[in-house]
Amino acid sequence: MKMTQLFGKTSKTEGSDYKISSHRLLTQAGYIRESTAGRYYMLPLGMVVQSKMTDVIRKHMNAAGAQELIMPTLHPLELWQETNRTTSASFELMKVVDRRGAPFALGGTAEEMAVDLVRKFNISYKDLPFNIYQFSNKFRDEMRARGGLLRVREFMMKDAYSFGTEEQFKQAYQQMWDSYVAIFEELGIKVDVVAADNGYIGGEYCHEFVMESEVGESRYFIDPTSGYAAHEDVTIFKVEDMNLDEELQAMQAIDAERGPTMNDGVLHHNLPLWQQIKDVLYFDEATKRYILAIIRGDFEVNETKLMQASGAWELRAATEQEIREDLKSEPGFISPVNFVKKGVKTGYEVVVIADKSLRTARNMYGGANARNKDLLNINIDRDFTADKEADIALAQPGFLSLDGGELIEKKGIEVGNIFQLGYHYSNLMHDAEYTDENGMRQKYYMGCYGIGVGRTLAAIVEAHHDDKGIVWPASIAPYTIIISQLGDDEAVIKAAHGMYKKLTTAGIQVLYDDRVGVRPGEKFADADLIGIPYRVVVSAKTVAAGKYEVKARTDSQGQLLDENAVMQLVLGNKN
RNA sequence: CGGGGCGUAGCGCAGCUUGGUAGCGCGCAGCGUUCGGGACGCUGAGGUCGCAGGUUCAAAUCCUGUCGCCCCGACCA
């Protein structure tokens, strides 16, 4: 490609809105251009990189036996209604209506479509297992797009859906896991595979592929000694027993003139924080229930775990007024003991969820559902019970994993994920079945697997750049080598042209900076900014020497080589 | 959706307080001198001042509304 013909320009001035390296570099170097917030034009240079990325992903998907197809962008809304996702995911579903008034969702993920497609074929066990995937633009009505390509409202995603029996699924999941590891390695980024929460996608477990980065939005923990890695939302950790050897003491109600915080309780009673019971009252707008979360005082409530345990999905903190009026309690003094479980509003329920940590301490203390009244020596089972006991505790840096190692907190960019969906969709959607060996109809067991191509592109740039620009890994560099032609002597142009032809003929992708009247400094700066792995300079000097000056993007000095040596060097490092 | 900031040429900004012919730098086009790490001179093109109302003889400037963008938070592939 000749630079004079390439659409898109580099820019010397930096936009003031670009806070993130990948955003700034991709824009300045002419790979992308913003349309409106969270929507981008992918320019020719960006397209070359993107198609190299999709080539890599496609290669590994196909090698894993997955088959590419493409689904419509507009999904009949009735499919989303079939799985109740018009409500559970409505906060980010984009909808459109055609002229007849038929409603559609702009596809943000395509589980329903995949099932709908499969059920149009009358499949049997002989057809299983299989995995179908597509590359397509996805739409998410994000509240707030940010960070260039990191969080957008429209983006290209590779999404795959596997169908099979429960036994077959294990292999499908592992296969995608392995493929993803290989894909990200080939794309030049190092990822951690972390257990995560399924959220509105459904299913019971999933894993995120996260590249560690300061600008990422995923928080996760790893135990480097055992390799345990999990998203903050689902991290489990070791909870030490505290005083289980103590005798149970008689519960005692006392006056306690204190403030409403946990620390006020500690100071007033001169007892450890862990022995206090923390009571946090939530309200779930979706199911109209109050949810009282109780936990050992030295832990925080993990709202994702709490939602899992309670079945809530629109959790918010209860207001002081609700605590007083609906639950006859007092902020700062809530207690599971004699907790009023019938809310005053009809149709509203109250659920108490206890964290498992409450079984690691005895003779605990806390409020008594009235101002300045506390209880001492509270014990689970004897003094109160919960509707459900579960792990609802939030991990903190320094806690120990179940394997015993210290948990380290990390931030990262989630570039891909794999979900076990199980029977989630086949239960919710009719005819999501196959015929088994005995002629009986059975539900199929599913998984889905996504890679955000644009976000991965941004992640690669985050991982591969310096103060001058992008430093592409060879596997996805838009071009392998850039020819910087300096000056406009006929001999120089002839030599540069000859090199361009020769390299191109050899199947090497070349960007030829054939601009005349552009000074060397600008050409070098552009070559660095765009990030091409090799640069060959053709100038009056090199022509006089009968050689070419070649250097790798990261080298500071070039070397003079003859034509054949250049060819050899580049061919040896072609992707 | 809450808090804060901002919309003036492709990009970065000044002008607004105190209404009176719309400016600067970069970039872009032409000519010339230059030419190995973002040169210099001259000339030129490019703007319904986000949009819609209002006040006024007169609005980029004042008032109202609205849309968009950025940051923090809430939310979340």
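We name chains A, B, ... by the order of the sequence lines, and we start the count at 1 in each one.
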Under 3.5 Å, sequence neighbours excluded: what are the donor-acceptor pairs made by side chains of residues 535-551 of chain A?
residue, atom, partner, partner atom, Å
Ser539(A), OG, Lys541(A), N, 3.3
Ser539(A), OG, Thr542(A), N, 3.4
Thr542(A), OG1, Ser539(A), N, 2.8
Thr542(A), OG1, Ser539(A), O, 3.0
Lys551(A), NZ, Arg553(A), O, 3.4
Lys551(A), NZ, Asp555(A), O, 2.8

Regarding [N], can its base be found pairing with the side chain of [X] as donor and acceptor, where the two atoms are less than 3.5 Å apart?
| X | N | answer |
| --- | --- | --- |
| Arg151(A) | rC76(B) | yes |
| Arg535(A) | rG37(B) | yes |
| Glu549(A) | rG36(B) | yes |

Can you classify the ring geometry of [X] versus [Y] as parallel (below 30°), tilted (30 to 60°) or perpendicular (above 60°)?
| X | Y | value |
| --- | --- | --- |
| Tyr449(A) | Tyr173(A) | tilted |
| Trp80(A) | His75(A) | parallel |
| His497(A) | Tyr512(A) | perpendicular |

With the side chain of [X] defined as its heavy atoms from C-beta on, choose the nearest nucleotide among [options].
| X | options | value |
| --- | --- | --- |
| Arg144(A) | rA74(B), rC70(B), rG36(B) | rA74(B) |
| Lys551(A) | rG38(B), rG37(B), rA74(B) | rG37(B) |
| Lys541(A) | rG36(B), rG38(B), rC11(B) | rG36(B) |
| Asp526(A) | rG36(B), rG38(B), rC71(B) | rG38(B) |

Determine, stepwise, if the pair Glu409(A) / Arg219(A) fulfils salt bridge (charged side-chain N to carboxylate O under 4.0 Å, His left out).
-> CA-CA 7 Å; Glu409(A) 189 177 29; Arg219(A) 289 183 172 278; 3.3 Å; yes
Between Asp55(A) and Arg58(A), is there a salt bridge with N-O shorter than 4.0 Å?
-> yes
Find the distance Lys19(A):NZ to rC69(B):P and express it as a whole number of Å.
-> 15 Å
Using whole Å, report how far NZ of Lys12(A) lies from P of rG12(B).
-> 15 Å
Whole-angstrom distance between [N] and [M], as gauged at atom [atom1]:
| N | M | atom1 | answer |
| --- | --- | --- | --- |
| rG68(B) | rG30(B) | C1' | 37 Å |
| rG53(B) | rU61(B) | P | 14 Å |
| rG15(B) | rG25(B) | C1' | 15 Å |
| rG10(B) | rG46(B) | C1' | 10 Å |
| rU21(B) | rU17(B) | C1' | 22 Å |
| rG44(B) | rA9(B) | C1' | 15 Å |
| rU66(B) | rC1(B) | P | 12 Å |

Identify, between Asp17(A) and Gly452(A), the residue whose nearest nucleotide on RNA chain B lies closer to the 5' end.
-> Asp17(A)
Sorted by position of nearest nucleotide on RNA chain B, 5' first, the leading residue of Val518(A) and Thr456(A) is Val518(A)
Heavy atoms only, 4.0 Å cut-off, all strands: where does [X] land among base, sugar-phosphate and nothing?
| X | answer |
| --- | --- |
| Lys523(A) | nothing |
| Val152(A) | nothing |
| Ser556(A) | nothing |

Listed in order of residue number, which residues of [range] have a non-hydrogen atom at under 4.0 Å from RNA chain B?
| range | value |
| --- | --- |
| residues 213-222 of chain A | none |
| residues 481-495 of chain A | Leu486(A) |
| residues 32-40 of chain A | Arg33(A), Glu34(A), Thr36(A), Ala37(A) |

Nucleotide-resolved protein contact map, nucleotides 29-34 of chain B, B/S/- at heavy-atom distance under 4.0 Å = -----B
Between Ser136(A) and Lys138(A), is a side chain to side chain contact (heavy atoms under 4.5 Å, CB included) present by the stated rule, with each step listed?
-> CA-CA 6 Å; Ser136(A) 71; Lys138(A) 298 295 185 293; 2.4 Å; yes
Could you give me the CA-CA distance, side-chain angles and deciding distance for Leu25(A) and Tyr18(A), then say whether side chain to side chain contact (heavy atoms under 4.5 Å, CB included) is met?
-> CA-CA 9 Å; Leu25(A) 291 172; Tyr18(A) 309 134; over 6 Å; no
Without hydrogens or angle criteria, can the side chains of Tyr425(A) and Glu112(A) be said to hold a donor-acceptor pair below 3.5 Å?
-> no
Okay, side chain of Asp391(A), backbone of Lys305(A): is any donor-acceptor separation there less than 3.5 Å?
-> no
Could you list the donor-acceptor pairs under 3.5 angstrom formed by side chains in residues 452-462 of chain A, with sequence neighbours left out?
residue, atom, partner, partner atom, Å
Arg455(A), NE, Leu150(A), O, 2.7
Arg455(A), NH1, Glu414(A), O, 2.9
Arg455(A), NH2, Leu150(A), O, 3.1
Thr456(A), OG1, Gly452(A), O, 2.6
Glu462(A), OE2, Ser22(A), N, 2.9
Glu462(A), OE2, Ser22(A), OG, 2.8

Has Glu185(A) got more than 12 heavy atoms of other residues, nucleotides or ligands less than 6.0 Å from its CD?
-> no
Does CD in Gln321(A) sit with more than 12 non-hydrogen atoms of other residues, nucleotides or ligands closer than 6.0 Å?
-> no
